Peer 1: 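I am attaching a structure below and will ask some questions about it afterwards.
Fair warning: this is a prediction, and the values are worked out from it, not measured in the lab. Quick note on labels: first sequence line is chain A, next is B, and so on, each numbered from 1.
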Protein chains: 2
Amino acid sequence: MSPNQPSPPAGEVRRGQPPTLRDVAEAAGVHAATASRALNPSTRRLVSAETARRVMKAAKTLGYQPNPIARSLKTAKSSTIGLVIPDLTNPLFPPIVRGIENVLEAEGYSAWIVNTDNDPERERSRIDSLRSRQVEGLIVATARLDHPFLEKLHEQGVKMVLVNRRTENLAIPCVTADDATGIALAVRHLVDLGHTRIAHLAGPHSTSTGVVRARAFRHAVRDHGLEDDSRLIVECAHWNEADGAAATRELLDRATPFTAIVAGNDLIALGSYDVFAERGISCPEEISVVGFNDMPYLDKLRPPLTTVRVPHHDIGAEAARMLLDCIDDPTRHPRSLLLPVTMVVRASTAPLR
Amino acid sequence: MSPNQPSPPAGEVRRGQPPTLRDVAEAAGVHAATASRALNPSTRRLVSAETARRVMKAAKTLGYQPNPIARSLKTAKSSTIGLVIPDLTNPLFPPIVRGIENVLEAEGYSAWIVNTDNDPERERSRIDSLRSRQVEGLIVATARLDHPFLEKLHEQGVKMVLVNRRTENLAIPCVTADDATGIALAVRHLVDLGHTRIAHLAGPHSTSTGVVRARAFRHAVRDHGLEDDSRLIVECAHWNEADGAAATRELLDRATPFTAIVAGNDLIALGSYDVFAERGISCPEEISVVGFNDMPYLDKLRPPLTTVRVPHHDIGAEAARMLLDCIDDPTRHPRSLLLPVTMVVRASTAPLR
DNA sequence: CTGGCCAGCGCAATCGTTTGCGTTAAATCT
DNA sequence: AGATTTAACGCAAACGATTGCGCTGGCCAG
């Protein structure tokens, strides 16, 4: 046996229970209060170097792990934040989650993840339960442009930062991808390939991402001297394949000619793929498609999807950092962070013949 | 304003703080102990119906939410379990997580999710931190066949159930897919298509899933009267695309003829796809491939991947149920649950020409 | 009429930490 | 040398809930 293995406490314990602060205090021959101060780096200067050393040694040999529950009760801080997402099953979110947890972990924080399935009622109840668990802040990925519940929470002083999407209220800090530039990149790519009639399958206009990308699309086509034809824009009810497919069908049925599609996101583009298969349309020969997000395994699709890569991991990491900043300094001015995106050209886009 | 909105406490509060049990007791004109008993359904019979009613009414009008931290400290129960997975980013896991949370939520439990990235050291430290957070049990998806750490935890009485994979020790309950049947289905499907020389890209033999599927593969080919040629089996170092690709290359380089591959899982099959592209091999014309798991978006691949569908959501749900059972009744006999799988035939498999 | 029982409730300890305050003894100043 | 600061530490009260135990008063039986 190695001398100091942390998992099973090496030293003698009181009664089979994990050692408490009192146990290490006793072992070090001091009072629990002193042990507490010795163990906490920020109060360690209150005890002599010698006793601090003794206490820390005792803690190590006993395998002492502070009880976060007791600590939370006293300090009213839980070292815990809530993470509110629509659905973990959407490949968009796991990288964000990992990014968040990476920075949280380094600061001794952890995250509670809840799924709302885009149901406002469920969102309320899950957030209520998060708050009763004393989370110190929220990272929210379910924002809609008009979102009174979130606004109310913010007014109540609940610390939060939005990811991916925003509300209309700019007072709530958020970190998102640079959607406008991404769309501009996508349009420019298609224009470079010779396309002049480009359609847009917009995301739901209830979300900031949906309207920002749609607006950026119109700007971009005009910037290239193309006609801004509203018949070439159709809005999807949700950010998923089914609604992407429905929108594609409607677009096709409008019979306004076009040769390329800028999809609101990758899932919507996948919906287009389904309709192409349905109707025997070949991509990219007849219609080029570009997605948005660069979710995993897009390179293995038929055809590999050209898309705009957004740094999901970084979005999560930055959001977590921002939230921790807000918690540390509540007077902090809210900031909005825009993360750069890049174009990933694959085989779903081709030169106009 | 509606008379009783739960989020912002409606009644008067002490000092801007959320109301405590004592506040409720005071409002109802009873002692905190009585209020506690009145509010808890299982102790409610200890107070008179009339006082119970008064207390509950006071709690509602004050918007009282019990403080789970204080409760946990006293009861040493956290209504919390730990979920240990390799990497949330692997599309295998989100559905399992959702399944788990669905049943947990109904019982008032929540899950802490930690990622180990398959690093044993990280696994130890994350599980230690989970335990210090007083989780009541663990759902573990990172089991290796030989896994002394998990065994030790189990011996220490840590309640846990394994998902997807198992240890050699059968004393630890687990819920997995019926891997053997799945592989048999895959082999039969290929045999029905006329294939006689079938290869297997096995998962790592350090995992139960890897060895069970490999063994099932050999049994299946023999059952069909085919030759069990060990040159047609190569083990992947990990369950991912890169190692799947490496294994595929090795298989090809062995120059033992074969016309079909049973991949250990979908990710490994995707690795094969990469190599096919590399070497100009066409699938399914030259080589048929079947995967395992049926992860999302496989139907949009080039070609759509034939695979074995495993009910990930159910696996999670059953595991959670099993863990809650173990917590409720610690004397419970460990069970191993095998969930049925189904064949999903798409276009990566074709009749032998 | 007295003793015993029980329903209903309050008292106070407890869970493991943190922290304001008081106490001691050593160190510094005049 | 005596007065005063200060470093180091202990005491005890919190944080908010749960729970064993004891007390009260009403009820019934003997």
Peer 1: Which residue, B:Leu73 or B:Ala35, contacts DNA chain C at a nucleotide closer to its 5' end, judged by nearest heavy atom?
Peer 2: B:Ala35
Peer 1: Holding to side chain to side chain contact (heavy atoms under 4.5 Å, CB included), I want the full list of residues that pass it with A:Ala319, two or more places apart in sequence or in another chain.
Peer 2: A:Ile139, A:Val161, A:Val163, A:Val175
Peer 1: Not counting sequence neighbours, list each pair that qualifies as a salt bridge (charged side-chain N to carboxylate O under 4.0 Å, His left out) and has a residue in residues 50-59 of chain B.
Peer 2: B:Glu50-B:Arg53, B:Glu50-B:Arg54
Peer 1: Counting C-beta onward and ignoring hydrogens, is there a side-chain heavy-atom pair between B:Tyr64 and B:Leu21 closer than 4.5 Å?
Peer 2: yes
Peer 1: Counting only heavy atoms and a strict 4.0 angstrom limit, can you tell me which residues of residues 44-55 of chain A come near DNA chain C?
Peer 2: none
Peer 1: Looking at residues at least two apart in the chain, or sitting in another chain, which of them share a side-chain hydrogen bond (donor to acceptor under 3.5 Å, both in side chains) with B:Asp119?
Peer 2: none
Peer 1: Per the salt bridge (charged side-chain N to carboxylate O under 4.0 Å, His left out) rule, what does the pair list look like for residues 95-111 of chain B, sequence neighbours excluded?
Peer 2: A:Asp87-B:Arg98, A:Asp117-B:Arg98, A:Arg122-B:Glu105, A:Arg126-B:Glu105
Peer 1: Using atom CD of A:Glu26 as one end and atom P of D:dG10 as the other, report the distance to the nearest whole Å.
Peer 2: 13 Å
Peer 1: For A:Arg133 and D:dA17, give me the distance from atom CZ to atom P, rounded to whole Å.
Peer 2: 15 Å
Peer 1: Can you list the residues that meet the side-chain hydrogen bond (donor to acceptor under 3.5 Å, both in side chains) rule with B:Thr142, with sequence neighbours excluded?
Peer 2: B:Glu123
Peer 1: With sequence neighbours excluded, give me every side-chain hydrogen bond (donor to acceptor under 3.5 Å, both in side chains) pair touching residues 34-49 of chain A.
Peer 2: A:Asn40-A:Ser42, A:Ser48-A:Thr51
Peer 1: Angle between the two end axes of the helix from C:dC1-D:dG30 to C:dT30-D:dA1, five base pairs per end, rounded to 10 degrees?
Peer 2: 50°
Peer 1: How would nucleotides 17-23 of chain C be written as a contact map, 5' to 3', with B for base contact, S for sugar-phosphate-only contact and - for no contact, using protein heavy atoms under 4.0 Å?
Peer 2: BBBB---
Peer 1: Under the side chain to side chain contact (heavy atoms under 4.5 Å, CB included) test, which residues partner A:Asn118, sequence neighbours left out?
Peer 2: A:Pro86, A:Arg165
Peer 1: Can you pull the side-chain hydrogen bond (donor to acceptor under 3.5 Å, both in side chains) pairs that have at least one residue in residues 75-86 of chain B, sequence neighbours excluded?
Peer 2: none
Peer 1: Excluding sequence neighbours, so at least two apart, what forms side chain to side chain contact (heavy atoms under 4.5 Å, CB included) with A:Ala171?
Peer 2: A:His154, A:Asn169
